**Q** 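My structure is below; once you've seen it, I'll send some questions.
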Protein chains: 2
Amino acid sequence: MQEPTLLLLTALADEPRHGYAIAREVEAISTGRVKMRTGTLYGALERLLQQGLIEVHKEEVVDSRLRRTYTLTSPGRAALAAEAERIAATAREATRRLKVSGKAATA
Amino acid sequence: MQEPTLLLLTALADEPRHGYAIAREVEAISTGRVKMRTGTLYGALERLLQQGLIEVHKEEVVDSRLRRTYTLTSPGRAALAAEAERIAATAREATRRLKVSGKAATA
DNA sequence: CGGCATATGTCGGTGACCGACGTATGCTGT
DNA sequence: ACAGCATACGTCGGTCACCGACATATGCCG
């Protein structure tokens, strides 16, 4: 799972959001670092729907245009939790190793 | 930066290693989850060399065959540290949001 | 009434990763 | 003796997530 997808799921973790709101939220979470392109966004949304990690929460017409709101499913929440734990473990290990070798040789 | 690359860099963080040793180490770090294919391995090695994140540490002939050992460069160490911090922050945020919404609605 | 934020979507290209294949040596078990 | 496995390095074609550009439409502000 790549960073944009992970951030997308994270953006949906606290409350349901529609596409454009997700894009803004992802930028906020990553402190401006990751700007989600619409190509990535709607592609990922479609993929995650098919994988069952997210689902359509609500469909409403706003300003005569359709707005779809998405939520995490239970498997989606589980997948995000698992992924978060995995990458946290990897980050810890990386940091630990950098410290260890930093003591021996600051090359 | 994707997971295999991150793990490769992590495998080099404590001491220099040659290709095959990296592959084994990556598997160990990820507790067997990620098995680095040679295609990914040597491709990534080549890419990281060109990016200046790693460098050839030693070249020696073992059993009449060349063995190249790689190390992290200073930029490589910095990149790994930065990446580790970034993903740790993302993981924290994901976990926090899951907890927050878990209290309000365990949907 | 021009331009920007909001909002959703498509399409072609790139690049990291995957899977399969190729090659070679040394050790171990039978 | 030799089959098979671990060790060790590498190439090549395919896939798929992501990117960048384009298309479309509304509401609001100046």
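This structure is a prediction, so every number in the text was calculated from the model and none was measured. Throughout, protein chains are lettered first and strands after them, A, B, ... in sequence-line order, and every chain is numbered starting at 1.
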**Q** Can you build the contact string for nucleotides 12-18 of chain D? Use B for base contact, S for sugar-phosphate-only contact, and - for no protein heavy atom under 4.0 Å.
**A** B----SS

**Q** May I ask you to list the residues of residues 60-69 of chain A, by number, that have any heavy atom positioned under 4.0 Å from an atom of DNA chain C?
**A** A:R65, A:L66, A:R67, A:R68

**Q** Rounded off to whole Å, could you give me the CE-to-P distance for the A:M36 and C:dG9 pair?
**A** 15 Å

**Q** Without decimals, in angstroms, what is the distance between A:L41 CG and C:dT8 P?
**A** 8 Å

**Q** Please report, rounded to the nearest Å, how far the C1' atom of C:dT8 is from the CG atom of A:L49.
**A** 14 Å

**Q** Measure the CG-CG distance between A:L7 and A:L12 for me, rounded to the nearest 0.5 Å.
**A** 11.5 Å

**Q** Please determine if a side-chain N or O atom of A:Y20 lies less than 4.0 Å away from the OP1 or OP2 oxygen of C:dT8.
**A** no

**Q** Give me each pair satisfying salt bridge (charged side-chain N to carboxylate O under 4.0 Å, His left out) with a member in residues 80-92 of chain B, each pair once, sequence neighbours excluded.
**A** B:E83-B:R86

**Q** Which pair of non-hydrogen atoms, one from B:S101 and one from A:D14, has the smallest distance, and what is that distance?
**A** CB-O, 3.5 Å

**Q** Under the side-chain hydrogen bond (donor to acceptor under 3.5 Å, both in side chains) rule, collect the residues that match up with A:R96, sequence neighbours excluded.
**A** A:E93

**Q** For D:dG10, does either OP1 or OP2 sit under 4.0 Å from a side-chain N or O belonging to B:Y42?
**A** no

**Q** Find the distance B:R37:CZ to C:dG22:C1' and express it as a whole number of Å.
**A** 18 Å

**Q** What integer distance in Å separates B:H18:NE2 from C:dT25:C1'?
**A** 14 Å

**Q** Rounded to whole angstroms, how far apart are CD on B:Q50 and P on C:dA16?
**A** 10 Å

**Q** Could you note down all residue pairs passing side-chain hydrogen bond (donor to acceptor under 3.5 Å, both in side chains) where residues 41-66 of chain A supplies at least one of them, sequence neighbours left out?
**A** A:E59-A:R68

**Q** Could you state the atom-to-atom distance from CG of A:L45 to C1' of C:dT8 in whole Å?
**A** 10 Å

**Q** May I have the distance from B:E25 (atom CD) to D:dA6 (atom P), rounded to whole angstrom?
**A** 18 Å

**Q** Hey, could you give me each pair passing salt bridge (charged side-chain N to carboxylate O under 4.0 Å, His left out) that has a residue in residues 23-34 of chain B? Not counting sequence neighbours.
**A** A:R97-B:E25, B:E3-B:R33, B:R17-B:E25, B:E27-B:K35

**Q** Looking at OG1 of B:T73 and CG of B:L48, how far apart are the two atoms once the value is rounded to the nearest 0.5 Å?
**A** 9.5 Å

**Q** Which value, rounded to the nearest 0.5 Å, describes the distance between A:Y70 atom OH and A:I22 atom CD1?
**A** 7.0 Å

**Q** Rounded to the nearest 0.5 Å, how far apart are CG of A:L8 and CD1 of A:I54?
**A** 6.5 Å

